[in-house]
Amino acid sequence: MTRFAKGSTIRRDAGLYGFERALARQGLTPVAGVDEAGRGACAGPLVAAAVVLDRPIPGIADSKLLTEARRETCFDLIMKRATDVSVVVVSPQDCDQMGMHVANISALRRALARLAVRPGYVLTDGFPVDGLGVPGLAVWKGDRVAASIAAASIVAKVTRDRMMVELHEHYPQYDFATHKGYCTSLHQERIDEFGPCVEHRRRFVNVRAAMEGAAHE
């Protein structure tokens, strides 16, 4: 069981909408879920999303558990049926300048601030986000147990994946459309062969090592 607002608890078997229903019973609405995509990638932007739901949306689950086709379908449903959705994109350069943790927290705050509907409660995935201006709860593996966080994870993931496919058109040598900027063996092979481009994050050890190697050739 999870303890949250006003000392209440929620059962583990309450279902994906259990947090939202329990908060609604206490008048803590609307509920916003926030999540990000791309924090662990060494290339491309960081994308954060905030979603407010007022009704169930079929098929929602953690974006990482869905096929690409299913994520796209859920994305369209969320954009049509959610009460409110906002998205924030942080460039690789800003990620380097701020550092990933600071960039991530800032993006989540900004996504929440951009909602047209002011939430009464915020659910975040995994770790707390200070400075939201409203009460909130960090939910362990929140994208698997809270519908609003799962919806935010889908919006962030699909938005970022589409951006990486577009970047592939500009930098086909890295095959961004396949690995989406994450640190796969294929991506590393391309970085080693062609060197980093402007979309790579210089704070990542593998990118910095490739830059230093190129400088010594």
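- Nearest heavy-atom pair across Arg202 and Val207 is CA-CG1, 4.2 Å.
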Test side chain to side chain contact (heavy atoms under 4.5 Å, CB included) applied to Lys141 and Asp62, step by step: CA-CA 9 Å; Lys141 294 186 177 179; Asp62 174 10; over 6 Å; no
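- With hydrophobic clusters built from ILVMFWY side chains whose heavy atoms lie under 4.5 angstrom apart, Ile78 shares a cluster with Val87.
- Looking only at distances, a side-chain donor or acceptor of Asp84 sits under 3.5 Å from a matching main-chain atom of Val117.
- Grouping the Ile, Leu, Val, Met, Phe, Trp and Tyr side chains by contacts below 4.5 angstrom, directly or via other members, places Leu46 apart from Tyr171.
- Without hydrogens or angle criteria, Gln93 side chain to Val198 main chain gives a donor-acceptor distance under 3.5 Å.
- The CD atom of Glu72 lies 11.5 Å from the CG atom of Leu66; values are rounded to the nearest 0.5 Å.
- A heavy-atom distance below 4.5 Å is not found between the side chains of Glu68 and Val158.
- Nearest heavy atom pair, residue Cys183 against residue Gly40, reads SG-O, 4.2 Å.
- The shortest non-hydrogen separation linking Ala43 to Arg160 is O-NH2, 2.7 Å.
- Contact detail for Cys42 and His187: the closest heavy-atom pair is SG-CE1, 3.5 Å.
- The two residues Ala32 and Leu115 come nearest to each other via the heavy atoms CB-CD1, 4.0 Å.
- Residues Glu20 and Leu123 meet the side-chain proximity criterion, which asks for heavy atoms closer than 4.5 Å.
- Checking side-chain atoms of Asp96 against main-chain N and O of Arg203 turns up a donor-acceptor pair under 3.5 Å.
- A 4.5 Å side-chain heavy-atom check between Phe176 and His170 finds every atom pair outside the cut-off.
- Between the OG1 atom in Thr124 and the CD1 atom in Ile149 there is a gap of 6.0 Å [rounded to 0.5 Å].
- With contacts defined as side-chain heavy-atom distances shorter than 4.5 Å, the pair Glu199/Tyr174 does not qualify.
- Side chain of His168 to main chain of Thr178: no donor-acceptor pair is present (N/O by atom type, distance under 3.5 Å, no hydrogens or angles).
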Derivation of the side chain to side chain contact (heavy atoms under 4.5 Å, CB included) call for Trp140 and Val145: CA-CA 8 Å; Trp140 177 246; Val145 299; over 6 Å; no
Lys157 vs Ile154, side chain to side chain contact (heavy atoms under 4.5 Å, CB included): CA-CA, chis, key distance, verdict: CA-CA 5 Å; Lys157 171 68 173 170; Ile154 291 169; 5.9 Å; no
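- Between the Arg201 side chain and the Gly44 main chain, a donor and an acceptor come within less than 3.5 Å of each other.
- Inter-residue side-chain proximity for Val139 and Phe19 is flagged as met; some heavy-atom pair is nearer than 4.5 Å.
- At distances below 3.5 Å, not a single donor-acceptor pair connects side-chain atoms of Arg109 with backbone N or O atoms of Val129.
- For the pair Met98 and Val90, the minimum side-chain heavy-atom distance is below 4.5 Å.
- Using a 4.5 Å cut-off on side-chain heavy atoms (C-beta onward), Tyr17 and Leu53 make contact.
- Of the possible polar contacts, none joining the Arg70 side chain to the Ser63 backbone as a donor-acceptor pair under 3.5 Å is found.
- Atom OG1 of Thr73 is separated from atom CD1 of Ile60 by 12.0 Å, given to the nearest 0.5 angstrom.
- Here the side chain of Thr159 pairs a donor or acceptor atom with the backbone of Val155 at under 3.5 angstrom.
- Cys197 is not listed as a side-chain neighbour of Arg190, based on a closest heavy-atom distance of 4.5 Å or more.
- The closest donor-acceptor contact from the side chain of Arg110 to the backbone of Ala48 lies at 3.5 Å or more, if one exists at all.
- Grouping the Ile, Leu, Val, Met, Phe, Trp and Tyr side chains by contacts below 4.5 angstrom, directly or via other members, places Met164 apart from Val89.
- Atoms OG and CG, from Ser148 and Asp54 in turn, are 12.0 Å apart once rounded to the nearest 0.5 Å.
- Panel note: side chain Arg39, backbone Met100; no donor-acceptor pair is recorded below 3.5 Å.
- Each of Phe204 and Tyr182 belongs to its own hydrophobic cluster when Ile, Leu, Val, Met, Phe, Trp and Tyr are linked at side-chain heavy-atom distances under 4.5 angstrom.
- Partners of Asp76 under the side chain to side chain contact (heavy atoms under 4.5 Å, CB included) rule, at least two apart in sequence or in another chain, are Arg162.
- Scanning for side chain to side chain contact (heavy atoms under 4.5 Å, CB included) contacts around Gln188 gives Ile191, Asp192, Asn206, with sequence neighbours left out.
- The structure places CZ of Arg114 at 12.0 Å from CG of Leu112, a figure rounded to the nearest 0.5 Å.
- Using cut-offs of 30° and 60° on the angle between ring planes, the pair His101 and Phe127 is tilted.
- Atoms CD and CG, from Glu36 and Asn104 in turn, are 4.5 Å apart once rounded to the nearest 0.5 Å.
- Taken together through direct or relayed side-chain contacts under 4.5 Å among Ile, Leu, Val, Met, Phe, Trp and Tyr, Ile57 and Leu16 form part of one hydrophobic cluster.
- In plain terms, the two heavy atoms of Ala50 and Ala111 that are nearest each other are CB-O, 3.7 Å.
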